[in-house]
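Contents: one structure, followed by commentary.
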Amino acid sequence: MTKQPFYITTAISYVNAPPHIGHAYEVIGADVMARFKRLDGFDVYFLTGTDEHGQKVQKMAQSKDKTPQAFCDEIAATFQDMADYLNISNDQFIRTTQESHKETSRSVWEKLTAAGDIYLNKYAGWYSVRDEAYYGEDEMTTREDGKKICTATGTEVEWIEEESYFFKLSAYEQKLLDLYESQPDFIQPSFRRNEVTSFVKQGLKDLSISRTSFDWGIKVPGDEKHVMYVWVDALINYISALGYPADKDGLMKKYWPCDVHLIGKDIVRFHAVYWPAILMSLGLPLPKRVFGHGFLLTGGNKMSKSVGNVISPRALVDKFGADSSRYALMREVTFGQDGDISWPLMTARINAELANNIGNLVQRTLSQINKNCDGKVPQPGILEDVDHALLTHTGQEMLINVRGEFEKLQFSRALEEIVRAANAANAYIDEQAPWTLKKTDPARMQTVLYVLAETIRNLGLILQPFVPVAAYKILDQVGVAPDQRDFVYIGAQHALQPATPLPKPEGVFPRIVEEEAEAAQEKTA
RNA sequence: GGCGGGGUAGCUCAGCGGUAGAGCAGAGGAAUCAUAAUCCUUUGGUCGGGGGUUCAAAUCCCUCCCUCGCUACCA
């Protein structure tokens, strides 16, 4: 049976600065989803990467006295490094400065032109030379001397007309509205769909898609004084990565259309309006889903360097490790909404759920098996109702519930489900008290410990997408073979074989113990 | 201004017409296998204000207040 394909992407990150926590959050979300789908029997392709063109990058490079490419190489490396230390399982890391992407972009441009959707005209507007930006009427005020200035920066603006290519976005207004109507899940969460719909209903203007004021970009075929507007270039990454249009490796045929574009809420419009319009013009099928996640806040505020409340991905992993960091971010915040994170919140969550609940469950069970069952999977007797109840809850039932949450990208809810299962196992162990059975009914003790080992196997399996390394350790400790770790192995039909020898148990989720220095740091935060 | 979220226990949030819920935090107890972890019980809310519909409203309608987002071409 051939596996069903599943294509998931993050946004590509703009390389004007090294990664911050938001980048980490997004790529972790995508990774958790990708890993889940792989384990659930899908043929997954997971793409992430960097967006490297545009005026901002050119300026940044200049100010650091570097060539744009050298500058990009440097920053892109920090993103690749982050993917590494966060344990991200992407299949490709695309960079928009790579030759294959440029080729695709030029080819797309030619196709859009051939489709009659690109034309040359003038872009006109109020421009601030100092800010190198155009401003709308609502962003400007008139000074006493009668000159218009930008309200925010206070710089003078002048009326500028610049030659530019345009994309006939206006021609797609009705088609886009039809799309949102006929495919209500196209934009998620649903309140984002409302925003986009009302935006499109206001009427779409054609989109200026080339620039002549700088040259760090992909040159427009046949008119090299223009470079493509970075957003057009950036969006194309989702298909250039698959080899469009040549499709030498058949990736396009296999994985397109994309199942989920996972992006930040700030760029929903680009993905829900511009991108489908471009695809329509190319005659390509549209992505199934665009999911805009929220932002991470701390103390209800945006993180900012000047306030000094920034939590960097590197610092996070240094303190908690990759697994626990992934867990904390996925658990603490409802995906799709903004969420508050802080060191104390994350520490509390990791300790309560990973260390105390799940970690300690594994430890207390395995150490009893190690001491009392000769270090082998115990031999169960006849299972009682309580045993069946726990196994059902933590087996198929948990998988079905977790899968349901993944369909909605509700990672936090999925984890809640898993924690609840571990909780039930802790209640079971207390109620059954195998340490007492050891003296009164050793056979029953074996059964109880077997049921617990089996529960731990199920938990280890379902935890893999979130905490891959620790989950692997758990599965190793209950003697699950590496090729028996897909979700089809969850549940009774693939239960542990009694008498399988087990390695000596060791802790998987260490408690975070606050040191004085950290406590002091938190006081100031 | 227009459109759309949200305002529920100390904290984070669920419920969205039928006697106020979960987790965490707080209090009391049990147990001792375990990462002093676990388990049980429990305190705590006039569900933003006001009005209306209904036998019945956190839940529907109106209105007001607060808060957040969107309202195009830096990315």
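We name chains A, B, ... by the order of the sequence lines, and we start the count at 1 in each one.
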Quick test of your reading of the model: are [X] and [Y] salt-bridged, counting only N-O distances below 4.0 Å?
X	Y	answer
A:Asp338	A:Lys265	yes
A:Glu353	A:Arg331	yes
A:Glu173	A:Lys201	no
A:Lys66	A:Glu74	yes

Integer angstrom distance from the [atom1] of [N] to that of [M]:
N	M	atom1	answer
B:rC16	B:rG5	C1'	15 Å
B:rG48	B:rA20	P	15 Å
B:rG15	B:rG1	C1'	34 Å
B:rA14	B:rG7	P	7 Å

Give the nucleotide from the list [options] with an atom nearest to the side chain of [X].
X	options	value
A:Asn356	B:rC39, B:rC73, B:rU38	B:rU38
A:Lys56	B:rA72, B:rC74, B:rU35	B:rC74
A:Ser208	B:rA14, B:rG4, B:rC73	B:rC73

I'd like to check the side chain to side chain contact (heavy atoms under 4.5 Å, CB included) partners of A:Asn121; sequence neighbours left out, ordered by chain and number.
A:Tyr119, A:Phe166
Go through the structure and list residues passing side chain to side chain contact (heavy atoms under 4.5 Å, CB included) with A:His393, not counting sequence neighbours.
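Checked A:His393 against side chain to side chain contact (heavy atoms under 4.5 Å, CB included); matches are A:Glu397, A:Ala421, A:Ala424.
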N or O in side chain of A:Tyr229 less than 4.0 angstrom from B:rC74 OP1/OP2:
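No, because none of the side-chain N or O atoms of A:Tyr229 sits under 4.0 Å from OP1 or OP2 of B:rC74.
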On the nucleotide B:rC39, are OP1 or OP2 found under 4.0 Å from the side-chain N or O atoms that A:Asn423 carries?
yes
Within the structure shown, what part of the strands sits under 4.0 Å from A:Ala355 by heavy-atom distance: base, sugar-phosphate, or nothing?
base
Dot-bracket for RNA chain B, please, read 5' to 3', with Watson-Crick or G-U wobble pairs under 3.5 Å on both distances, ( ) within the strand, [ ] crossing, | other strand, . unpaired.
((((((((.[[[[.)..(..]]]].(((((.......))))).....[[[[[..)....]]]]])))))))....
Between B:rC70 (C1') and A:Tyr180 (OH): distance, integer Å:
13 Å
Just the rounded figure in Å: distance from C1' of B:rC73 to CZ of A:Arg211.
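Distance, rounded to whole Å: 6 Å.
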Please write out each protein N/O paired with an N/O of nucleotides 66-69 of chain B under 3.5 Å, distance rounded to 0.1 Å.
unit_1: B:rG69; atom_1: O2'; unit_2: A:Arg192; atom_2: NH1; d: 3.2
unit_1: B:rG69; atom_1: O2'; unit_2: A:Glu195; atom_2: OE2; d: 3.0

Can you give one letter per nucleotide of nucleotides 28-34 of chain B, going 5' to 3': B for a protein heavy atom under 4.0 Å from the base, S for sugar-phosphate only, - for none?
---SSBB
Of residues 323-335 of chain A, the positions that come close to RNA chain B - non-hydrogen atoms, cut-off under 4.0 Å:
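None, since no heavy atom is under 4.0 Å.
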First of A:Ala348 and A:Gly203 reached from the 5' end of RNA chain B, by closest nucleotide:
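Mapping each residue to its closest nucleotide by heavy atoms, the 5'-most match is A:Ala348.
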Inter-residue atom distance A:Gln80.CD - A:Thr48.OG1, 0.5 Å rounding
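Interatomic distance, A:Gln80 CD to A:Thr48 OG1, rounded to 0.5 Å: 9.5 Å.
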